[in-house]
Amino acid sequence: MNSDSPIAMLDVAAQNAPLAEELRAVFARVLESGRFILGPEVTAFEAEVAELVGVSHALGVSSGTDALLVALMALGVGAGDEVITTPFTFFATAGSIARLGAKPVFVDIDPVSFNLDVAAVEAAITPRTRAILPVHLFGQPCDMRALGDIAKRHSLALVEDAAQALGATTEDGSTGSLGDFGCFSFFPSKNLGGFGDGGLVTTNDAELYERARVLRGHGAKPKYFHALVGGNFRIDALMAALLRVKLPHLADYTAGRRANAARYDALFAEADLGERLVAPKCVEEGHVYNQYVIRTSERDELAAHLAERGISTAIYYPKSLHEQACFADLGYATGAFPESERATREVLALPIYGELPEASIERVAAEVVAFCAG
Ligand SMILES: *Cc1c(COP(=O)(O)O)cnc(C)c1O
């Protein structure tokens, strides 16, 4: 590869190209079957993901956003309820709470893991709290043992936003198996990247599964008889069929991400730039590195420096959710969550996808170090 060819954040084609023939065959199979809505491909995909996550039930849905929505709906979250979550996440986490008429109650993050500050969660509980919605941000599992403990003591539901953490593990099991529901996304940039939108919910609770399943199809049970108001939250049969081709390779994709993260870690540790360049800390070994996020006080300048050299980066996330215009009526002031706000100013995600060659990792690291040392 040319030493100054561009380095992208993601190259979906690099991951899909080796499977192209198989994917085309699956497309042909679904085309010929004429089964486009639910059916055997969806059922098989659900069973395969349930096995991977280590849960008794999985339900394919239309997106990660709808996974969150269906999970919260199945738990009966609605008007007047509070759901405790993080302000440093993708919008869908809090958006799905608000869409049900419930109130997102934000608490600050731990600056090392970027995940919910567990002590702050307990302090935010009120008589209206119904659920806790932690996010395994960037693929690093939250402290689910502590959160599970809090949920149990206060009789709260626990929903994992595992959109960035398929395949991540803890001592107690995989992400998505540690709460009442796990919510996953197959958006192309996620660890199991699909061919459009798709999502999935996991649970070990047969009753919750059944409610979620019914809600996925407009709450109908049987067809045309509605005890609940649901929606159309179905995953496409074609999407499920195509994802089944990629699922057996997830462990390899994850290994690639981890190897790239380890290479960055080593190069940044060697440079030893202190606060000028803070590499992400892996506090949970089962981290799957959906993103590799560094922090530096000169973030925007570093991003520009890298862009000039053909290196793409991304900012996850540039604005804390408590400061979003649509949440103004929640009444949070700037300064309410200093760690989340500081993170929005300092974080920069570097290319990490598994197919990225080691030489590219080295070029990115060298440019980051050169800038931060200069
Ligand atoms: C991607 C993502 C979602 C939403 O998933 P979609 O499939 O894009 O709807 C929710 N939460 C987090 C943390 C995400 O990263």
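Atoms within a ligand are numbered from 1 in the order they appear, just like the ligands themselves. Everything numeric in this text was worked out from a predicted model, so none of it was measured.
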* Geometric N/O contact Lys190 with ligand 1, under 3.5 angstrom -> yes
* For Val135, take its heavy atoms, then give the atoms of ligand 1 lying under 4.0 Å from any of them. => 13 (C)
* Asked: Can you find an N or O of Thr89 that's nearer than 3.5 Å to an N or O of ligand 1?
  -> no
* Which residue supplies the protein heavy atom nearest to atom 9 (O) of ligand 1, what is that atom called, and how far is it? -> Thr65 OG1, 2.5 Å
* **Heteroatom proximity flag, Leu137 to ligand 1, N/O under 3.5 Å** => no
* Asked: Got a salt bridge between Glu122 and Arg153, using NZ or NE/NH1/NH2 to carboxylate O under 4.0 Å?
  -> yes
* For the side chain to side chain contact (heavy atoms under 4.5 Å, CB included) test, which of Arg213, Met73, His218 pairs with Phe233? -> Met73
* Using a 4.5 Å cut-off on heavy atoms from C-beta on, say whether the side chain of Glu41 contacts that of Arg35. => no
* Do the side chain of Arg258 and the main chain of Tyr253 share a donor and acceptor less than 3.5 angstrom apart? -> no
* To do: Check Thr93 against ligand 1 and report side chain, backbone, both or neither, counting heavy atoms closer than 4.0 Å.
  => side chain
* Asked: Quick one: nearest non-hydrogen protein atom to atom 15 (O) of ligand 1, plus distance?
  -> Gln164 NE2, 2.8 Å
* To do: Check for a donor-acceptor pair, side chain of Asp108 on one end and backbone N or O of Glu339 on the other, with a separation under 3.5 Å.
  => yes
* To do: Verify the neighbour count for atom CD of Glu51: are there more than 12 heavy atoms of other residues, nucleotides or ligands below 6.0 Å?
  => no
* To do: Answer yes or no: is there an ion pair linking Lys319 with Glu323, defined by an N-O contact shorter than 4.0 Å?
  => no
* Structure fact -> Atoms of ligand 1 under 4.0 Å from any heavy atom of Ser63, numbered from 1 in the order shown, are 7 (O), 9 (O)
* **Heavy atom of the protein closest to atom 11 (N) of ligand 1 (residue, atom name, distance)** => Asp161 OD2, 2.8 Å
* **Region of Ala163 engaging ligand 1 - heavy atom pairs below 4.0 Å** => side chain
